[in-house]
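Okay, structure first, notes after.
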There are 2 protein chains.
Amino acid sequence: MTDKQVAILQTALELFSNKGFYAVSTNLIAKEAGVSEGLIFRHFQNKVGLLNAVMQMGKEKVEPLLASIIELPDSAKRVQAIMELPFHIGEQDYPFWRLIYSLKWQNDFYDDEMSKPTKDILVKALTELKYADADAEADLIMSYVDGFATTVLLKRDSINTAKLLETLRKKYIQ
Amino acid sequence: MTDKQVAILQTALELFSNKGFYAVSTNLIAKEAGVSEGLIFRHFQNKVGLLNAVMQMGKEKVEPLLASIIELPDSAKRVQAIMELPFHIGEQDYPFWRLIYSLKWQNDFYDDEMSKPTKDILVKALTELKYADADAEADLIMSYVDGFATTVLLKRDSINTAKLLETLRKKYIQ
DNA sequence: AATGTAAGTAAGTAATTGCTTACAAATGTA
DNA sequence: TACATTTGTAAGCAATTACTTACTTACATT
C-alpha cells in the first residue's frame with residue numbers, strides 16, 4: 001500500500017463516518033486526501049469498492065479485540081467484557097464505529113451478520129452461567145450494547161461516559 | 001393540505017427513512033408520489049424544507065405520546081413507560097423513527113435537543129424515587145432506550161421483540 | 001540500459017442533481 | 001360571470017455526480 005492509497009482510505013473513512021456515504025463525493029475525497037480523483041478508481045474500482053476497502057480495514061483492526069474476549073477463562077467476565085465493549089473503543093477507532101452504526105440504518109448496506117459472532121459468544125457464556133433463556137438474555141444484552149455504542153459515539157461531548165460505565169457496573173457487578 | 005401534498009410527505013418519509021436523505025433524489029420522490037418534481041419545490045421550497053416538513057409531521061404524532069407519560073401519577077410507572085417506549089411504537093410510525101435514528105449519525109442533521117424532554121421526565125421521576133444519582137441513572141436508561149429502539153426498528157424480523165420485552169420486565173419489575 | 005508494470009494525473013464523459021421558469025388548470029370569492 | 005389565488009405541470013437550467021480516457025512518471029527486473 002502506497003502513501004496515497006492510505007490517504008484515500010483514511011479521508012474516506014473520516015468523511016463517510018461524519019457525513020454518510022451518499023453525502024460525500026469522490027471529488028471531495030480526492031481533494032481532502034490530496035490526490036487526483038482518478039486514483040480512487042484505479043485502486044478501488046468504484047465508490048462502493050472504496051467503502052468496502054474502508055470497512056475491511058476497520059474489521060481487521062477490530063477482530064483481535066473480539067478474539068481476546070473469547071480467550072477469557074471466566075464466563076461472567078466474558079459477558080461483562082462484551083457489555084462494556086463500547087466504553088473501551090479507542091478514540092482512533094471512533095470513525096470506523098460511527099460508520100458501522102450509520103450504515104445500519106441504510107437499507108442498501110445493512111448487514112445483520114456482523115454482530116452474530118458477538119452474540120454467539122454471549123449465548124455460550126450465558127448458557128454456562130445456567131441462564132434459563134440464554135438466547136433472550138443475549139438479545140437483551142446486545143440491545144444494551146447497541147445503546148451504549150450510540151451514546152459513546154454520539155454523545156461523548158455532552159455526557160460523562162466514564163460515569164455512565166460506573167453506574168452500569170454498580171448494577172451488574174457485586 | 002391537498003392529496004398530492006400528503007403523497008409527497010408520505011413517500012419522502014418512506015424513502016428518506018429507508019435509504020437516507022442524500023441517497024434519495026427529488027426526482028425519485030416525485031415519481032413515486034405520482035406528482036411533478038416542481039410541485040415539491042412549490043410546497044416545500046427545497047429538499048431540506050421537505051425533510052423538515054416530514055420531521056414536523058412525525059413530531060406532531062409523537063408529542064401526545066410523551067404527554068400521556070407525564071400524566072402518569074406513579075413515578076416508577078413513568079420510568080417504566082419511558083424504558084419500554086420503543087416496544088410500543090406502532091408499526092405505522094416505524095418509518096418516522098427510523099428516519100430520526102438514521103439522521104442522528106449524520107453530522108449535518110444531528111439534533112441532541114430532541115431527547116432532552118424525555119430525559120427531564122426521567123431525572124424528575126428518579127429523583128422522586130430517591131435515586132442517589134438520578135442524572136447518571138437517567139443517562140443509563142436513555143442508553144437502554146436507544147438500544148431497544150435500534151433493535152425494534154432494525155431487527156424486528158430476525159428477533160422476537162415481544163420476548164425481549166418480557167425478559168426486560170423480569171429484570172425491572174418485581 | 002532496456003523494458004514491462006504499477007502509480008499517478010488532467011481533462012474529459014454522459015447522466016443526474018436540486019432547483020427555476022413559463023404556463024395551464026383548478027378553485028375560491030365578489 | 002369575472003377575477004384573483006392556489007395548485008399543478010413540462011421543459012429546461014447550471015452544477016455536480018461517478019467514472020473513463022489518454023497520457024506521464026516512478027520503480028522494479030533482467
Protein-nucleotide distance ([X], atom [atom1]; [N], atom [atom2]), rounded to Å:
| X | N | atom1 | atom2 | value |
| --- | --- | --- | --- | --- |
| B/Y22 | D/dT16 | OH | P | 14 Å |
| A/L50 | D/dC19 | CG | P | 10 Å |
| A/I8 | C/dA7 | CD1 | P | 11 Å |
| B/L51 | C/dC19 | CG | P | 12 Å |
| A/D3 | C/dA7 | CG | C1' | 12 Å |
| B/N27 | D/dT9 | CG | C1' | 14 Å |
| B/I29 | C/dT16 | CD1 | P | 16 Å |

CZ/B/F87: more than 12 non-hydrogen atoms of other groups inside 6.0 Å: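 Above 12, so yes.
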With B/W105, the ring-ring contact (aromatic ring centres under 6.0 Å, His included) member among A/W97, A/F16, A/Y101: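 Testing B/W105 for a ring-ring contact (aromatic ring centres under 6.0 Å, His included) against A/W97, A/F16, A/Y101 leaves exactly one candidate, A/Y101.
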Could you check whether [X] gets within reach of a base, just the sugar-phosphate, or nothing at all, counting any heavy atom under 4.0 Å?
| X | answer |
| --- | --- |
| B/V24 | sugar-phosphate |
| B/Q5 | nothing |
| B/T26 | base |

Heavy-atom side-chain proximity of B/M142 to A/I159 below 4.5 angstrom: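 No. Closest side-chain heavy atoms not under 4.5 Å.
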pair B/I100-B/M55: side-chain heavy atoms closer than 4.5 Å: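 Side-chain contact under 4.5 Å: yes.
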For DNA chain C, the residues among residues 39-47 of chain A that have a non-hydrogen atom under 4.0 Å from it: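 Within this stretch, A/L39, A/R42, A/H43 sit under 4.0 Å of the strand.
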Nucleotide nearest B/S25 when distance is taken to its side chain, options D/dC19, D/dG8, C/dT17: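 Ranking D/dC19, D/dG8, C/dT17 by closest atom to the B/S25 side chain puts C/dT17 first.
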Candidates D/dA18, D/dG8, C/dT9 - which lies nearest the side chain of B/S36: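 Nucleotide nearest to B/S36's side chain: D/dG8.
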A/E14 side chain to A/Q10 side chain, donor-acceptor N/O pair below 3.5 angstrom: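 The answer is no; no qualifying pair exists.
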Any A/T2 side-chain N or O less than 4.0 Å from OP1/OP2 of C/dG8: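 For A/T2, the contact criterion (side-chain N or O under 4.0 Å from OP1 or OP2 of C/dG8) is met.
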Hphob cluster co-occupancy, B/L164 + B/Y94, side-chain heavy atoms under 4.5 angstrom: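 The answer is yes; both residues are in one hydrophobic cluster.
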Backbone N/O of A/F21 and side chain of A/K47: donor-acceptor pair under 3.5 Å: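 Yes, because the side chain of A/K47 sits within donor-acceptor range (under 3.5 Å) of the backbone of A/F21.
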